Amino acid sequence: MAKCPPVLTFQPRRPILEPIARKGPSGVLKIYNTLSGQLEEFRPLSENRVHMYTCGPTVYDFAHIGNFRTFVFEDILKRYLRFKGLRVKHVMNITDVDDKTIRNSGATEPKTLREYTDRFTWAFLEDCENLRIDKPDLIVHATDHIEDMVGMIQRLQAKGYTYEKEGSVYFKIANFKDYGKLSRLNLEGIKAGARVDVDEYEKQDARDFVLWKASKNGEPYWESALGPGRPGWHIECSAMSMKYLGETFDLHCGAVDLIFPHHENEIAQSEAYSGKPFVRYWMHGEHLIVEGERMAKSKGNYFTLRDLVAQRSIDPLAVRYSLLSVPYKRQLNFTFDAIRQAGSSLKRLQDLMLRLSTEELKPGRSDKIQTLTAGALQKFEQAMDDDLNTAQALAAIFDWVREVNTALAENNLHEEDRAAALQTMEKFNEVLQLWKAPDLHLDDRVHDLIEQRNRARKARNFALADQIRDRLYEMGYSIEDTKEGVRWKKR
Ligand code: AMP
Ligand code: ZN
């Protein structure tokens, strides 16, 4: 049986070509460093290697898309560092012991706590995969590092930064002279010796914070040289980041709610411990907001990715698009309208990929398209160099997409422009991860139906041909009759 016309399964004749020449050297990435309060050129400690730590999820429940705004921002950052030619070693923690995991699990021992949290760790990793968030090189669990944390606390004890009260160990903030340097805290009015045992608290409540909590009746605990108990929240990130990335490393990220107390306390513990600067660049993403308020579990105004996919048939990539469409330093308002718009923008990009992969083009090259293509890449990079301005990067992409679509419509795109255009799309996608290479494979059933329809049309049985077209539509394929034959598209 004859196969469908070749327009359907066109393969580019040449492999994706040599790199596109860029005008001049590529620029330097500038990022806003919370520690200095300024936009700075990013210069890693070692010339082409970056050590990066991101605070991971607290696995007491499914993560919501507010959390994922931060994880997507960190993913864009990591992919862009790679785009700039840097090697990145990325470590992320899993907070699997804290007030919330203990409260929600109702666990009374470490084993049952871990059984409970593991479920949500897997769910989180699955969501990350659906959002195309690259896996960190190391994913480290707090409960696998109790000994490291105990060792660190013992050294802080030996250096005189702690005191003990009823079996718990506290960090004495008055003994660390730089306390407050990240969040620019005014320490006047803080009562010496006032303590806090909970993991989360506000700036105005800055106090000595707990490093090791004495075991409580009915709660999981570990036997240790500090006595039976469990770690406070903040110590895990200091212990694990320094263990895997060194006592001074390049980048540490999270959302703005982590600046105080979490990251402030991390700096205090780590620098008191090592006597060295802890992190060189701190980056904090702004929140996803719902009707003026931060999306948060405690406020009940949240959506999980799995709810959006299962209940509203939303494509995870439309969520990714929407989360990255606003630069990370600006708050982003969540609306379903924005997700719908993200879906149609994605479709425009996906459609262009399909046309670029399948259309027959005339031979030769167009100087205009080649120049526009090199220019678009440059604009994309300039936008991203400016503290990851993803909104401007997307604008550069869409300006270029418009030009290429016009060239296609006017039959002005040449065979040699195809590779440059596809390669440019690939470069954008290296960082943004928004579209897939089109699936050009036609499954046999669809193939047979198209042929049946061709026969029906030849026999002038248009009623049957229309029926088959409807059937194909239901199966997810749209069909178009052209001079060259039948074109198909996955809807
Ligand atoms: P958690 O699981 O609570 O430890 O949070 C994981 C990450 O999500 C942290 O970096 C938080 O700062 C961040 N986060 C929490 N709520 C939001 C939000 N509404 N928008 C953006 N990031 C958030
Ligand atoms: Zn952390």
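Numbering of ligands and ligand atoms starts at 1, following listing order. Numbers here are sequence positions counted from 1. Keep in mind that what you see is a predicted model, and the values were worked out from it rather than measured.
Taking atom 20 (N) of ligand 1 as the reference point, the nearest protein heavy-atom neighbour is Leu288 N, 2.8 Å. Counting only heavy atoms of the protein, atom 18 (C) of ligand 1 lies nearest to His287 CD2, 3.5 Å. Protein heavy atom closest to atom 10 (O) of ligand 1, with residue, atom name and distance, is Ala255 N, 3.4 Å. Distance from atom 4 (O) of ligand 1 to its nearest protein heavy atom, with residue and atom name: Thr58 OG1, 2.8 Å. The closest protein non-hydrogen atom to atom 12 (O) of ligand 1 is Asp257 OD1, 2.6 Å. From the protein, the heavy atom lying nearest to atom 22 (N) of ligand 1 is Thr70 OG1, 2.6 Å. Closest protein heavy atom to atom 14 (N) of ligand 1: Asn67 ND2, 3.5 Å. Protein heavy atom in closest approach to atom 9 (C) of ligand 1: Leu258 CD1, 3.9 Å.
Of all atoms in ligand 1, numbered sequentially from 1 with element shown, those under 4.0 Å from a heavy atom of Gly56 are 4 (O). Taking every non-hydrogen atom of Pro57 and a distance limit under 4.0 Å, the qualifying atoms of ligand 1 come out as 2 (O). Within ligand 1, counting atoms from 1 as listed, the ones closer than 4.0 Å to a heavy atom of His64 are 16 (N). The distance from ligand 1 to the heavy atoms of Met295 drops below 4.0 Å at these ligand atoms: 16 (N), 18 (C), 19 (N).
Judged purely by distance below 3.5 Å, without hydrogens or angles, the side chains of Tyr328 and Asp387 pair a donor atom with an acceptor atom.
Below 30°, between 30° and 60°, or above 60°: for Phe71 and Phe124 the angle between ring planes is above 60°, a perpendicular geometry. Taking the six-membered ring for Trp and thresholds of 30 and 60 degrees, Tyr179 and Phe260 have ring planes more than 60 degrees apart, a perpendicular arrangement. Below 30°, between 30° and 60°, or above 60°: for His262 and His234 the angle between ring planes is between 30° and 60°, a tilted geometry.
More than 12 heavy-atom neighbours from other residues, nucleotides or ligands sit within 6.0 angstrom of CD on Glu41. Within a 6.0 Å sphere centred on NZ of Lys159, other residues, nucleotides and ligands contribute more than 12 heavy atoms.
The two residues Ala142 and Met149 make their nearest non-hydrogen contact at O-CE, 3.2 Å. When all heavy atoms are compared, the tightest approach of Met384 to Leu29 is O-CD1, 3.5 Å. Minimum heavy-atom separation, Asp208 to Ile173: OD1-N, 3.0 Å.
Figure legend: Lys297 and Tyr60 shown as a cation-pi pair, the cationic atom lying under 6.0 angstrom from the six-membered ring centre and within 45 degrees of its axis.
Without hydrogens or angle criteria, Arg69 side chain to Glu286 main chain gives a donor-acceptor distance under 3.5 Å. In this structure, the side chain of Glu271 engages the main chain of Phe278 through a donor-acceptor pair within 3.5 Å.
Not a single heavy atom of Lys297 lies less than 4.0 angstrom from ligand 1. Heavy-atom separations between Phe71 and ligand 1 include at least one value shorter than 4.0 Å.
When each of Arg132, Arg306, Arg320 is tested with Asp127 by the rule salt bridge (Lys or Arg N to Asp or Glu O under 4.0 Å), just one qualifies, namely Arg306.
Note: His287 NE2 to Asn333 CG = 14.0 Å, rounded to the nearest 0.5 Å.
Of the listed residues (Arg294, Arg69, Glu286), the one carrying the non-hydrogen atom nearest atom 16 (N) of ligand 1 is Arg294.
Around the Zn ion (ligand 2), the protein N, O or S atoms closer than 2.8 Å are Cys55 SG, Cys237 SG, His262 NE2, listed by chain and residue number.
Considering backbone and side-chain atoms together, Gly66 places an N or O closer than 3.5 Å to an N or O of ligand 1.
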